[in-house]
Amino acid sequence: ELAASIIAVIKGEKAISLGNLIGSNIFNIASVLGITALVKEIPVTEPQILARDIFWMLGFSLILLPLVGIYFVTTIDDSDLFKDQKIRYIGLYTTLFTFFVSLLLWIFFDNSTSQFQFVEKYYWNPISNGTFYLGIDGISLFLVILTTFLIPVCLLASWNAIKVNVKEYIIAFLFLESILIIVFTVLDLLIFYIFFESVLIPMFAIIGIWGSRERKVRASYLFFLYTL
């Protein structure tokens, strides 16, 4: 797959290269999901967890907030003369609010234990006991805070630089933020793999469409290939 994509890029067949990369990832994910549905459940020891009932939905809220921002961005009418400015402010306020919510993780984090905290568990595949399992430890805590801090910084840094497809640009960053939070908080290996690979999709678009260099398309393909 990798060789075919590189050869396609060399020959100038960018559409074939991109289609091969996206198609192969979809096939890989579908294959993994199908195999897990057929394999007999293997009992494993669950990680130690420290339940915090009062903030039971905090991790899920961090994932959901950028998606809510995407919804409000899509409601802006394209005929509005001030649509770009409104979209920028919606994206900025959403990411800033997400950052302040993420600080609650730090404020209420118990440093006296090594157990996972703010744990949430949702069953999505009863056949193979598949779960959407979220939790925070001492490492992922600061990765989440760093993510929610850098996204509004990125939006502010490009505030006046992005003049075309502003709506899609803000949506890509909000989508990227939501995916990154899942990557840093999920405790299920399969879900981690799926969303880790999904990070490439908005990043590919951000680099290839809104990059500042003339070779931005080539840079986006190289980024996609090397991080695949």
Side-chain angles (χ1 to χ4, degrees), residues 29 46-76 87-125 130-158 167-203 205-206 227:
I29 292 173
E46 292 193 1
Q48 290 181 318
I49 60 174
L50 179 65
R52 291 194 175 274
D53 296 334
I54 191 171
F55 294 106
W56 183 66
M57 294 290 290
L58 189 56
F60 188 74
S61 298
L62 286 174
I63 298 170
L64 189 62
L65 283 173
L67 302 180
V68 174
I70 291 176
Y71 168 76
F72 284 108
V73 167
T74 57
T75 60
I76 301 298
I87 290 171
R88 288 189 181 98
Y89 278 111
I90 291 175
L92 179 61
Y93 292 153
T94 300
T95 54
L96 285 175
F97 183 70
T98 305
F99 170 65
F100 290 129
V101 172
S102 69
L103 292 179
L104 295 176
L105 295 174
W106 195 3
I107 294 172
F108 294 99
F109 190 81
D110 188 356
N111 295 315
S112 64
T113 177
S114 60
Q115 299 174 349
F116 286 100
Q117 304 178 42
F118 309 106
V119 172
E120 302 169 40
K121 192 172 185 179
Y122 309 93
Y123 288 91
W124 63 272
N125 188 352
T131 59
F132 189 67
Y133 201 0
L134 302 177
I136 300 290
D137 62 2
I139 298 177
S140 60
L141 168 67
F142 293 104
L143 291 174
V144 169
I145 294 176
L146 181 62
T147 298
T148 58
F149 171 74
L150 287 178
I151 295 297
V153 171
C154 292
L155 295 182
L156 287 172
S158 60
K167 177 184 288 188
E168 290 77 9
Y169 179 77
I170 299 298
I171 290 176
F173 263 99
L174 292 175
F175 184 57
L176 176 63
E177 181 177 28
S178 182
I179 294 175
L180 286 173
I181 293 174
I182 294 177
V183 169
F184 293 136
T185 58
V186 72
L187 302 179
D188 182 87
L189 182 60
L190 175 62
I191 302 298
F192 171 82
Y193 167 75
I194 293 173
F195 284 95
F196 180 79
E197 292 289 341
S198 300
V199 171
L200 297 177
I201 299 173
M203 285 300 300
I206 291 171
T227 54

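Every heavy atom of this structure was used, including side-chain atoms; hydrogens, water molecules and symmetry mates were not.
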Carefully, step by step, assess Ile170 and Leu92 under the rule side chain to side chain contact (heavy atoms under 4.5 Å, CB included).
CA-CA 9 Å; Ile170 299 298; Leu92 179 61; over 6 Å; no

Sub-4.5 Å side-chain heavy-atom contact between Thr74 and Ile171:
yes

Give every residue pair that meets the salt bridge (charged side-chain N to carboxylate O under 4.0 Å, His left out) criterion with at least one member in residues 173-182, sequence neighbours excluded.
none

Exercise: do Asp110 and Thr113 side chains pair donor with acceptor under 3.5 Å
no

Heavy-atom check, side chain of Val199 versus side chain of Leu180, under 4.5 Å:
yes

Do the side chains of Leu103 and Thr148 get nearer than 4.5 Å, heavy atoms only?
no

In terms of heavy-atom contacts, Phe173 and Cys154 come closest through CE2-CB, 3.7 Å

At their closest point, which heavy atom of Leu141 faces which heavy atom of Phe109, and how far apart are they?
CD2-CG, 3.8 Å

With side chains defined as the heavy atoms from C-beta onward, is the minimum distance between Met203 and Leu176 less than 4.5 Å?
yes

Would you check if the side chain of Thr95 reaches a backbone N or O of Gly91 as a donor-acceptor pair within less than 3.5 Å?
yes

Just to verify, what does Thr185 make a side chain to side chain donor-acceptor pair (under 3.5 Å) with, not counting sequence neighbours?
none

Heavy-atom closest contact (Val144 atom, Leu105 atom, distance):
CG1-CD1, 4.1 Å

Listed partners of Ser158 passing side chain to side chain contact (heavy atoms under 4.5 Å, CB included), at least two apart:
Ile162, Tyr169

